[in-house]
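To start, the structure under review is shown below, and the notes come after it.
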Amino acid sequence: MKVSPSFLSADFGHIAREVEMLNESVADMIHLDVMDGVFVPNISFGFPVIEAINKVARKPLDVHLMIVNPQNYVSQVRDCGAAIMNVHQEACVHLHRTVQAIKSAGMKAAVTLNPATPVCMLEDIIGDLDMVLLMSVNPGFGGQKFIPAIVEKTRRLRELIDRSGSHAEIEIDGGVNAATAPLLAEAGADILVAGSYVFGAEDPKAVIASLSAL
């Protein structure tokens with residue numbers, strides 16, 4: 001299992017120290033949630049913070065834009081050092097155009113679905129995607145309770161990917177912990193995002209390793 005710790009739960013008073021901890025862990029990437037207070041009811045951080053993280057990080061940056069009009073920021077996300085640009089299906093009127101712009105900029109293209117958005121919304125674009133992120137909480141805040149229905153939703157997405165011949169990986173974000181992670185692994189998830197479960201632990205690197213071992 002790949003692991004993408006969510007930096008939203010990190011100690012922002014010690015960014016370099018937190019990134020170095022992730023560098024030393026078996027984490028596969030670093031998940032960065034950008035929130036605008038419009039698409040989601042919260043504001044997190046923007047490009048200067050991503051650039052600061054990128055200066056220290058030795059792991060790929062998995063940038064998740066919880067914002068309106070994400071297509072307007074493709075070049076800025078690339079210039080910050082992102083390896084993956086993740087946009088919400090619900091925020092993109094012209095999703096195919098946005099995905100192609102992300103790929104043309106040299107990044108992997110990922111699309112996120114909110115909990116109430118069905119997997120079938122991606123049927124006509126799944127072959128163009130490198131990753132699909134399923135939100136297992138309502139986006140906007142860390143530390144929320146896992147929505148159990150996302151386990152079956154993960155299975156439906158796995159079936160769609162396998163049936164279409166897509167190479168997209170399945171990423172899950174929200175409420176990932178020791179109880180929910182094995183259920184998601186069994187359902188077909190490839191990547192787990194974990195925030196408070198990792199950064200709130202006494203030994204974050206051991207928690208990351210336990211998820212990676214699934």
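The shown structure was predicted, so the numbers you read here are calculated from the model rather than taken from an experiment. These values consider heavy atoms only, across backbone and side chains, with no hydrogens, waters or symmetry-generated copies.
A heavy-atom distance below 4.5 Å is found between the side chains of Leu214 and Leu192. Val56 has its side chain out of reach of Ile15: every pair of non-hydrogen atoms, C-beta onward, lies at least 4.5 Å apart. The shortest side-chain heavy-atom distance between Leu8 and Ser44 falls under the 4.5 Å cut-off. With contacts defined as side-chain heavy-atom distances shorter than 4.5 Å, the pair Val34/His64 does not qualify. A heavy-atom distance below 4.5 Å is not found between the side chains of Pro204 and Ser25. Using a 4.5 Å heavy-atom cutoff, the side chains of Leu122 and Val111 are in contact. Proximity of Phe199 to Leu22: side-chain heavy atoms (C-beta onward) are separated by under 4.5 Å at one or more points. Within the 4.5 Å cutoff, the side chain of Arg155 has heavy atoms near those of the Glu186 side chain.
The heavy-atom pair separating Cys80 from Ile50 by the smallest distance is CB-CG2, 3.5 Å. Scanning both residues, Gly140 and Val40, for their nearest heavy atoms gives CA-CB, 3.8 Å. Across all non-hydrogen atoms, the minimal contact from Val26 to Ala209 is CG2-CA, 3.7 Å. Heavy-atom minimum distance, Pro60 versus Ala83: CB-CB, 3.8 Å. Contact record, Ser4 with Met29: OG-CG, 3.1 Å, taken as the closest heavy-atom pair. In terms of heavy atoms, Val68 sits closest to Asp36 at N-OD2, 2.9 Å.
Between the side chains of Thr112 and Gln89, not a single donor N or O lies within less than 3.5 Å of an accepting N or O.
Atom-to-atom distance recorded for Lys145:NZ and Asn138:CG is 13.5 Å, nearest 0.5 angstrom. For the atom pair CD of Glu24 and CZ of Arg58, the computed distance is 7.0 Å after rounding to the nearest 0.5 Å. A distance of 10.0 Å separates CG of Leu211 from CG of Leu184, quoted to the nearest 0.5 Å. To the nearest 0.5 Å, the span separating CE on Met85 from OH on Tyr73 amounts to 10.0 Å. One distance of note links OG of Ser9 with CG of Asp33; it measures 8.5 Å at 0.5 Å rounding. If you take NZ on Lys108 and CG on Asn86, they are separated by 12.5 Å, rounding to the nearest 0.5 Å.
Residue Met121 is not grouped with residue Ile102 when hydrophobic side chains (ILVMFWY) are merged at heavy-atom distances under 4.5 angstrom, including chains of intermediate members. No chain of hydrophobic side-chain contacts below 4.5 Å, direct or via other Ile, Leu, Val, Met, Phe, Trp or Tyr residues, connects Ile84 to Leu157. Hydrophobic clustering places Ile172 together with Leu129 (ILVMFWY residues linked when any side-chain heavy atoms are closer than 4.5 Å, directly or through intermediates). Hydrophobic clustering, with ILVMFWY side chains joined whenever heavy atoms are under 4.5 angstrom apart, groups Ile126 together with Val87. Under the 4.5 Å side-chain heavy-atom criterion for Ile, Leu, Val, Met, Phe, Trp and Tyr, Val193 and Met1 are members of distinct hydrophobic clusters.
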* To do: Quick one: do Phe39 and Asn69 satisfy side-chain contact (heavy atoms from CB on, under 4.5 Å)? Show the steps, please.
  => CA-CA 9 Å; Phe39 182 71; Asn69 300 317; over 6 Å; no
* To do: Please report the C-alpha distance between Lys153 and Arg158 in whole Å, then the side-chain angles of each, then the deciding distance to 0.1 Å, and finally whether the side-chain contact (heavy atoms from CB on, under 4.5 Å) criterion is met.
  => CA-CA 9 Å; Lys153 188 175 184 179; Arg158 173 54 60 196; over 6 Å; no
* **Candidate pair Ile67 and His88, rule side-chain contact (heavy atoms from CB on, under 4.5 Å), full reasoning** => CA-CA 8 Å; Ile67 67 174; His88 273 256; over 6 Å; no
* **Stepwise side chain to side chain donor-acceptor pair (under 3.5 Å) check, Thr180 with Asn177** => CA-CA 5 Å; Thr180 59; Asn177 55 37; 3.2 Å; yes
* Decide side-chain contact (heavy atoms from CB on, under 4.5 Å) for Val99 and His96; before the verdict, give the C-alpha distance in whole Å, the side-chain angles of both, and the deciding distance to 0.1 Å. => CA-CA 5 Å; Val99 166; His96 182 271; 5.8 Å; no
* **Chi angles and distances behind the salt bridge (Lys or Arg N to Asp or Glu O under 4.0 Å) call for Arg17, Asp11** => CA-CA 9 Å; Arg17 184 187 68 191; Asp11 181 353; 3.4 Å; yes
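Of the possible donor and acceptor atoms, none in the side chain of Lys2 sits under 3.5 Å from a partner among the backbone N and O of Glu169. With hydrogens and angles ignored, the 3.5 Å screen pairs a side-chain donor or acceptor of Asp130 with a backbone N or O of Ala109. Side chain of Ser136 to main chain of Gly174: a donor-acceptor pair is present (N/O by atom type, distance under 3.5 Å, no hydrogens or angles). In terms of modelled atom types and a separation under 3.5 Å, the side chain of Ser212 and the main chain of Ile208 share no donor-acceptor contact. Listed for the Glu18 side chain is no donor-acceptor partner under 3.5 Å among the backbone atoms of Phe12. Using a distance-only test at 3.5 Å, with no hydrogens or angles considered, no donor-acceptor pair links the side chain of Thr117 to the main chain of Leu113.
At most 12 non-hydrogen atoms from other residues, nucleotides or ligands lie less than 6.0 angstrom from CG of Asp124.
Note: His31 and Phe7 fail the aromatic proximity criterion, with ring centroids not under 6.0 Å apart.
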